Protein chains: 2
Amino acid sequence: MKIDINTRKKKCSCMSCELRNLVFSFLEEADVQLVCETREEKSFAKGEIIHHEGDMIRDFKYLKSGLVKLYKTTSEGDEQIITITRPFEFVSNTSIFHEEKYRYSLSALEDSIVCCIRIDLIRELILRNGKFALNLISVLARTSENIISLSLEIRKRNLAGRIAYVLLYFSKELYHSRIFELPVSRKEIADLISMSSANVIRTLSEFRRDGIINSNGRTIEIPDMNKLEMISMRG
Amino acid sequence: MKIDINTRKKKCSCMSCELRNLVFSFLEEADVQLVCETREEKSFAKGEIIHHEGDMIRDFKYLKSGLVKLYKTTSEGDEQIITITRPFEFVSNTSIFHEEKYRYSLSALEDSIVCCIRIDLIRELILRNGKFALNLISVLARTSENIISLSLEIRKRNLAGRIAYVLLYFSKELYHSRIFELPVSRKEIADLISMSSANVIRTLSEFRRDGIINSNGRTIEIPDMNKLEMISMRG
DNA sequence: CGCGGCTTTGATGTTCATCAAGTAAAGTGG
DNA sequence: CCACTTTACTTGATGAACATCAAAGCCGCG
């Protein structure tokens, strides 16, 4: 599905937005109105970059729909993927409150809609609404904790364990299904778990040969969760 | 230096505390007084555990002096060190605002003093003081970003690069000196960079043989920063 | 002074990266 | 729409990097 550049900015009602409960649950009606009027909703097609590391931070962004990856490009030019997240889990790069520029890049793995609210407005709301501030701290903390936790889970495993972990993550956390379409290339899995793409492919092939998964291109089926969980645990 | 258990709780004036500027710069005098009256200052000897993962969270903690490590114990029983920090950089595990129990353990690498403020009081201050909240968000975000950044720096390097990076971190960030005492065992370095302790030792020996460092037990001297930086960059 | 933990070094084998070569798939331009 | 180009994927072979195991020395502590 291609997205026309003219549809980049559109409006809907914030009052009924399902995400209002996540971040803006403690705002009064008037403030919700204020947010609603000044915000911009932007659509990004699969593969598009939402922001680059080094870009000036102007907006507080959260994901309304789609799937994104947060990543950093090393000086050698390869990507380190920090996290892959969906709406309701992802809010924003936490550096927005203490830095001028983004540390990490963000791009869309699926067609995505991002809601952008001026960071100045968020600051203002924090200043005058304690409940909003307290809730926001909690949401931001959760986002960071998820990233840290993911990194710990990955770094303690070997190649097979990492891949099993990632497949289970996609299956259980993102798609809630035993069958799903991988939203990423083999290379991107490699960039997420810090292994070579050749070995990611090899391991997926071995899983297929051993009946741990059925796969066809990016379609993955997990016939027996327990087997994969065993590999994830002992790897 | 041994610390008597009776000195665990002591008081000093918060008004003049150098850390007031970091976290409590936007409190009014009366609130600083309130914090000062209810807080507890606890001393921990080198090696003591400040809290275990799984402990109930009651306090907002920050480090007044000393050096601590934040870590997680895996189901196999080995430690993954998340970060090693000093005062002025470290504030607290960010899970305090959205979880009941600590996710990670914290222990003292050097004799340390931790200032403990009831989390309820911090919440109250957030609710009624927007500037305090905004500043706190910024400090918490910085803490998380440092952890994420460290993990990215480590995971993109090989063994020698990781060790060079860690030595430079100790030298430049923690001790601001070309000569310093390692605050951690070889095994703890291994737990920080996710490598085996035997290979950490081997690499340090090689660095010594090659004149990259001079070392005697835990004393490390870096005769030529550039050499180590070269290894850190290309590794 | 003897015990246990940390450190050190060597030998061995496993794991993983790299290189290369080929195939499939997907976009691109005429 | 087809030929072309590019990118993603796949597999095997090779070697480098790293873990593991083992034995010995050192040090601090009770």
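Values in this document were obtained by computation on a predicted structure and should not be read as measured data.
- For Thr219(A), the side-chain hydrogen bond (donor to acceptor under 3.5 Å, both in side chains) criterion is met by Glu181(A), not counting sequence neighbours.
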List the atom pairs, with distances to 0.1 Å, where a side-chain N or O of residues 226-235 of chain A and a protein N or O form a donor-acceptor pair under 3.5 Å, not counting sequence neighbours.
unit_1: Glu229(A); atom_1: OE2; unit_2: Lys172(A); atom_2: NZ; d: 2.7
unit_1: Ser232(A); atom_1: OG; unit_2: Arg157(A); atom_2: NE; d: 3.3
unit_1: Ser232(A); atom_1: OG; unit_2: Arg157(A); atom_2: NH2; d: 3.3

Check your understanding: How far apart are the C-alpha atoms of Tyr71(B) and Leu152(A), what are their side-chain angles, what is the distance that settles it, and do they pass the side-chain contact (heavy atoms from CB on, under 4.5 Å) test?
Key -> CA-CA 10 Å; Tyr71(B) 64 99; Leu152(A) 290 174; over 6 Å; no
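- Looking at every heavy atom in both residues, Gln80(A) comes nearest to Thr74(A) through OE1-CG2, 3.6 Å.
- Straight-line distance from the CZ atom of Arg162(A) to the P atom of dT15(C): 14 Å, rounded to whole Å.
- Following rounding to the nearest Å, Arg234(A) (CZ) and dT14(C) (C1') show an atom-to-atom distance of 15 Å.
- Contacts between residues 198-218 of chain B and DNA chain D, defined by a heavy-atom separation under 4.0 Å, are made by Ala198(B), Asn199(B), Arg202(B).
- Look at CE on Met195(A): it is 13 Å from C1' on dT14(C), rounded to the nearest Å.
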Just the table, please: protein N/O against nucleotides 24-26 of chain D N/O, every pair under 3.5 Å.
none

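- The two residues Lys69(B) and Ile81(B) have their closest heavy-atom pair at CD-CD1, 3.8 Å.
- A parallel orientation is assigned to the rings of Tyr102(B) and His51(B), their planes being inclined by less than 30° (bins at 30° and 60°).
- Taking a cutoff of 4.0 Å between a charged side-chain nitrogen and a carboxylate oxygen, Glu76(A) and Lys156(B) do not qualify as a salt bridge.
- Using a cutoff of 4.0 Å between basic side-chain nitrogens and carboxylate oxygens, Lys101(B) and Glu99(B) are not scored as salt-bridged.
- When the P atom of dA17(C) is taken as reference, atom CZ of Arg157(B) falls 18 Å away, rounded to whole Å.
- Residues of residues 180-189 of chain B that place a heavy atom closer than 4.0 Å to DNA chain D do not occur.
- Computed from coordinates, the Ile231(B) CD1 to dA17(D) P distance equals 14 Å when rounded to whole Å.
- Take Ser65(B) and apply the side chain to side chain contact (heavy atoms under 4.5 Å, CB included) test, not counting sequence neighbours, and it matches Ile113(B).
- Between Ile84(A) and Tyr169(A), the shortest heavy-atom contact is O-OH, 2.9 Å.
- Atom P of nucleotide dA17(D) and atom CG of Leu159(A) are separated by 18 Å, given to the nearest angstrom.
- By the 6.0 Å and 45° rule, Arg86(A) stacks over the aromatic ring of Tyr175(A).
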